[in-house]
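In what follows, chains carry the letters A, B, and so on, assigned in the order in which the sequence lines appear, proteins first and then strands, with residues in each chain numbered from 1.
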Amino acid sequence: MNYQELANLIFPEAKPISYYEEKYKKRDLAEGAIVTRFAPSPTGFVHLGSLYQVVIARKMAKQTGGVFFLRVEDTDQKREVEKGVTGIIASLRDFDLTPDEGMISETDEIGDYGPYKQSLRKDIYQAYAKYLLEQGKAYPCFATPEELEEMRAKQEAAKIRPGYYGVWAKYRNLTVEEAAEKIKKGEPYIIRLKSEGREDRKIKHHDVIKGNVDFPENDQDIVIIKADGLPTYHFAHAVDDHLMGTTHVIRGDEWLSSVPLHLQLFQMLGFKAPKYAHIAPIMKEDEGGKRKLSKRKDPEAAVSYYTEIGVPKEAVVEYLLNIANSNFETWRKQNPNASIDEFELQLNKMSVSGALFDIVKILDISKTVISKYTAEQIYEEAYHWAKNYDAELLELLQDKEYALKVFGIERGNAKPRKDIAKWSDVKENIEYMYDKKWEEKERQYEFQKITDKELIKKILTLYMEKYYHENDDKQTWFDKIKDLSEELGYAREVKEFKQEPEKWPGHVGDISTVLRVALTSRSNTPDLYEIMQVLGKDRIKNRFEKLFLGTEEKA
RNA sequence: GGCCCCUUGGUCAAGCGGUUAAGACAUCGCCCUUUCACGGCGGAGACAUGGGUUCGAUUCCCGUAGGGGUCACCA
């Protein structure tokens, strides 16, 4: 018996690899075009770190005229989550990061290099495993879990490197006859790579992000086909990325230490190895230390978190781009309105170590992004968000015409308002512009300098009777508040007051604060003139009167 | 523990043998015709540490410390 016969015994149905090599043609792309992918396992929600990888990988493909595809790595049935693929695809769509090729739903896919779901590629992996078996580069291993555990215990006790290698690789040197006999007897087995590597030899690897990294060669006889007939990650990676024409493997740096193995796999299979770009993880400060942003501990690790609190997708993507290439920020400053597609991302400028996640920074970016929106856009986005997450806000937004007026306050000019960081801020931001809300909510008037009720009453009455005119332009409007101040013995100008503070009881600002607080019950609001314009005379009057009623009742 | 990687202000980071060591967020102060939000100006704040190499090290080499990753029939 020889290797060929043993291979036939193990995988009698497998096609020769030439079949697949011909079936999947080399991609016809321009020189320098990057083909890359996102290859998640459907094990739960999409992590911010995954989104980060997608942003980078997709951008690299786009800016070189290449291809970005989505491959689902579902070779571990135990960890698989129901509707996992749907969740991944939905998340990518939420951020406008849809792939060019690959899975587009739980069951459907597009592209010529499929299936893009690994569980559907079983026959392909087996063909390549058979190919290795035929050459004696792989072998069946009959070690039971107990045997393996015993081996590990011995290694640990002896303080030597654990693993299945060298003299520890018990089934590595079985003759084909012995192996065939065990198989025929029905003994369970898996397929291992017969490693030709030596631990005392180094391999040189140039990582696109990490730079030059030297490793010992891999000498572990790693499993390539598991007991369920499916491949391990390593083997699937080599076969798939070869067949799918991946030029750059862009993935998390937890894979960096597997590079020697992966390179070896490509070499033993006779494939050209792709370039690797290992991305540092996004970290989080934890009890003085740093750790990866964690699915379990950190709500902000899930990309859905941002849709839930209402951070616009562009803000998340810009933040990620900013972590990726710090010159993005400079570019953005110079090109405030350019599409991010115009920014050229460079992998070799990426940081080799993990950055701490900074929610304050992402919200700052978000504020800037939102400040560039028109009132109409804000309305649409806030409405869309409210529909999913906030019924109260949704109700406020029913009157679109009015909402647009409210959102239009101090917007569309050279220095637009920058007070909304996320859609969940909106309700709090605009509430007081709605009479119903304004009336049903318990109001606390926090008058600042002027607190005397009689004086407040006098200011409001005088203002409405003598000074307020709905059609005044802003300058006239403000001049009149100055006139009012003067009539009450307050300084017309803040500057004058500051020069001789003993001359007046206060200044125009104190008077306008009374108007502001009486009208909105807040001391911080956008431009009061615009607020008054939106509210209109009757409602202003009404609110002032309500205030008197309230104070009299309490008095 | 073995192997690999990393270490510039609170955070993200420029830098790549000679710099007053950029910039952004955060923070503090002042200014911006009324409060905020912006914007402008300014302040405070950093090369983990010890040895080398060099005329000269943040930059190059070695050690130490600290941090991270990885050592599965999981990806």
Review point. Between A:P526 and A:E329, who's closer to the 5' end of RNA chain B by nearest nucleotide?
Key: A:E329
Revision key, fill the gap. Result for 5'-nearest mapping on RNA chain B, choosing between A:R192 and A:D364, is A:D364
If you only use heavy atoms from C-beta on, which nucleotide in [options] is closest to the side chain of [X]?
{"X": "A:E410", "options": "B:C36, B:G39, B:U34", "answer": "B:C36"}
{"X": "A:D358", "options": "B:U34, B:U11, B:G69", "answer": "B:U11"}
{"X": "A:T75", "options": "B:A13, B:A75, B:C6", "answer": "B:A75"}
{"X": "A:T513", "options": "B:C38, B:U34, B:C74", "answer": "B:U34"}
{"X": "A:D419", "options": "B:G68, B:A37, B:C73", "answer": "B:A37"}
{"X": "A:D527", "options": "B:U34, B:C12, B:U70", "answer": "B:U34"}
{"X": "A:D76", "options": "B:A72, B:C74, B:G68", "answer": "B:C74"}
{"X": "A:K226", "options": "B:C74, B:C6, B:A13", "answer": "B:C74"}
{"X": "A:K202", "options": "B:C3, B:A13, B:C12", "answer": "B:C3"}
{"X": "A:I323", "options": "B:C25, B:A13, B:C73", "answer": "B:A13"}

Review point. Where each pair must be Watson-Crick or G-U wobble with both distances under 3.5 Å, what dot-bracket representation of RNA chain B is obtained, with crossing pairs in [ ] and other-strand partners as |?
Key: (((((((..(((.....[....))).(((((.......)))))....(((((..]....))))))))))))....
**Study point:** B:C4 OP1/OP2 closer than 4.0 Å to side-chain N/O of A:K210
**Key:** no
Any base atoms under 4.0 Å from [X], or only sugar-phosphate, or nothing? Heavy atoms, all strands.
{"X": "A:W477", "value": "base"}
{"X": "A:F215", "value": "sugar-phosphate"}
{"X": "A:R79", "value": "base"}
{"X": "A:F478", "value": "base"}

Review point. Under the ring pair (Phe, Tyr, Trp, His ring centres under 6.0 Å) test, which residues partner A:F497, sequence neighbours left out?
Key: A:H507
May I ask you to decide whether [X] forms a salt bridge with [Y], counting only side-chain N to carboxylate O separations under 4.0 Å?
{"X": "A:D527", "Y": "A:R411", "value": "no"}
{"X": "A:K284", "Y": "A:D286", "value": "no"}
{"X": "A:K372", "Y": "A:E314", "value": "no"}

Practice item. Kindly state whether the ring of A:F266 and the ring of A:H237 have centres lying under 6.0 angstrom apart. Key: yes
Exercise for review: Check if the side chain of A:S257 and the base of B:U70 share a donor-acceptor pair of N or O atoms closer than 3.5 Å.
Suggested key: no
Review point. Can you tell me if A:E496 uses its side chain to pair, donor with acceptor, with the backbone of A:A491 under 3.5 Å?
Key: no
Exercise for review: Work out which heavy atom in A:I250 is nearest to a heavy atom in A:A57; give both atom names and the distance.
Suggested key: CD1-CA, 3.8 Å
